[in-house]
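Below is one structure, written out as structure tokens; comments come after it.
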Amino acid sequence: MSLKSKLAIYATSFALLTTLHSTAYATSTVSIELPNEVLEKVKQAENEQVFTIPEIKAWETDLDGVTREVEPLHLSGSENSTLAPPVGNGYNYVFSHYDQSRMSKDWKYKSIGTYKISNKYSTPLQASYTQTTTATSNWNVSANIAGEATIGNSFLGKIEVTAGASVSKQWTYHSGATYGITQTIPANSVAYISAYSVGYNSGGTLVWNKYDIDYMTHLGTYKESASGTAISKNDVSVEISSTQPI
């Protein structure tokens with residue numbers, strides 16, 4: 001009898017919906033109640049590294065190199081909007097690039113599911129995590145990144161260059177896919193194997209070039225703080241959240 005056939009496998013999956021930011025969430029096609037102990041351990045794992053998006057700040061630098069803090073244009077009450085190139089206050093702004101100042105990797109960004117496996121035999125067995133339902137993980141970014149495709153792509157591109165990895169606004173984990181290394185299931189035990197999407201946390205500034213109303217004269221730069229977490233296409237983190245004797 002193969003190891004696979006020795007296992008009594010009960011598949012469960014769930015998704016934890018976080019409401020810290022409207023752009024961050026994980027979804028699943030099925031939600032089944034799990035023991036509180038397991039749920040708490042999964043939440044703790046997600047909270048090991050929490051990336052908080054700070055309030056957006058803005059600065060202007062003139063051609064003499066003098067920098068002053070200014071009100072972010074999308075908060076100024078004018079027609080300017082950082083969700084597209086700002087316009088409307090007598091100047092024109094052309095988006096240039098995202099300037100990254102920090103980056104870190106979050107190995108347990110969002111839960112994508114938990115797999116319950118029962119080993120009723122007297123010896124340990126090996127098992128892999130299998131995605132039992134389709135789940136989706138989404139990026140969590142400041143509003144000035146989320147609102148315009150060119151800016152969002154610049155943010156993602158900078159992370160990819162720095163990390164040497166592929167990232168996305170959204171990534172889907174399909175039912176039936178196997179992730180992570182093989183896990184050891186203790187004898188006479190029930191094990192809960194949890195999987196997490198992996199995120200890259202990045203912070204820096206968005207940079208626009210500032211021009212006069214006719215785009216004839218370059219007057220300096222306008223910058224806004226920006227930050228967020230993009231989803232890794234290459235990684236899934238898998239671990240045993242809990243084991244219980246049968």
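Atoms considered below: every heavy atom in the structure, side chains included; atoms not considered: hydrogens, waters and symmetry mates. For this chain, numbers begin at 1 and follow the sequence in order.
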Can you name the nearest heavy-atom pair linking [X] to [Y], along with the distance?
X      : Y      : value
Ser242 : Val38  : CB-CG2, 3.9 Å
Ser241 : Ser194 : OG-OG, 2.5 Å
Tyr98  : Gly204 : OH-N, 3.2 Å
Tyr196 : Lys108 : CB-CA, 3.7 Å
Ala143 : Ile56  : N-CD1, 4.5 Å
Ile112 : Gln131 : O-NE2, 2.8 Å

Nearest 0.5 Å please: distance from the [atom1] atom of [X] over to the [atom2] atom of [Y].
X      : Y      : atom1 : atom2 : value
Lys110 : Ile231 : NZ    : CD1   : 8.0 Å
Gln100 : Phe155 : CD    : CZ    : 7.5 Å
Glu40  : Asn47  : CD    : CG    : 10.0 Å
Ile151 : Leu156 : CD1   : CG    : 12.0 Å
Asn119 : Thr243 : CG    : OG1   : 11.5 Å
Leu206 : Phe95  : CG    : CZ    : 5.0 Å

Exercise for review: Specify whether His218 and Tyr211 have parallel, tilted or perpendicular ring planes, treating 30° as the upper limit for parallel and 60° as the lower limit for perpendicular.
Suggested key: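 Tilted, since the angle between the ring planes falls between 30° and 60°.
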Review point. Hey, what's the ring geometry for Tyr222 with Trp208, parallel, tilted or perpendicular (30° and 60° as the breaks)?
Key: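 The rings of Tyr222 and Trp208 sit tilted, inter-plane angle from 30° to 60°.
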Determine whether [X] and [Y] make a side-chain contact, defined as any pair of heavy atoms from C-beta on separated by less than 4.5 Å.
X      : Y      : answer
Trp171 : Ser197 : no
Leu73  : Tyr93  : yes
Tyr215 : Val94  : yes
Ile117 : Ile193 : yes
Thr221 : Asn209 : yes
Ile246 : Val190 : yes
Phe51  : Asn140 : no
Leu39  : Asn36  : yes

Under the 3.5 angstrom rule, does the side chain of [X] hit a backbone N or O of [Y] as a donor-acceptor pair?
X      : Y      : value
Tyr129 : Glu239 : no
Gln183 : Ile181 : yes
Ser225 : Lys57  : yes
Asp212 : Asp214 : yes
Ser168 : Gln170 : yes
Ser154 : Gly152 : no
Ser232 : Asn234 : yes

Exercise for review: Determine whether Met103 and Val207 fall in the same hydrophobic cluster, where Ile, Leu, Val, Met, Phe, Trp and Tyr are linked whenever their side-chain heavy atoms lie under 4.5 Å apart.
Suggested key: no
Review point. Out of curiosity, does Val198 fall in the hydrophobic cluster containing Val167 (side-chain heavy atoms, cut-off under 4.5 Å, transitive links)?
Key: no
Assess the side chains of [X] and [Y]: does a donor N or O sit below 3.5 Å from an acceptor N or O?
X      : Y      : value
Asn201 : Thr229 : yes
Thr182 : Gln126 : no
Thr162 : Tyr200 : no
Ser175 : Thr134 : no

Exercise for review: Go through Gln49 and Ser104 one step at a time and tell me if the side-chain contact (heavy atoms from CB on, under 4.5 Å) criterion holds.
Suggested key: CA-CA 10 Å; Gln49 183 177 344; Ser104 61; 3.1 Å; yes
Check your understanding: Do Asn92 and Ile213 pass the side-chain contact (heavy atoms from CB on, under 4.5 Å) test, and can you show the C-alpha distance, the side-chain angles, and the key distance before you say yes or no?
Key -> CA-CA 6 Å; Asn92 286 307; Ile213 195 66; 4.1 Å; yes
**Study point:** Stepwise salt bridge (Lys or Arg N to Asp or Glu O under 4.0 Å) test for Lys105 and Asp235
**Key:** CA-CA 11 Å; Lys105 194 170 185 178; Asp235 302 301; 3.1 Å; yes
Check your understanding: In this structure, are over 12 heavy atoms from other groups packed under 6.0 Å from Lys233 atom NZ?
Key -> yes
Point to revise | Residue among Glu69, Arg68, Glu224 satisfying side-chain contact (heavy atoms from CB on, under 4.5 Å) with Trp59 | key: Glu69
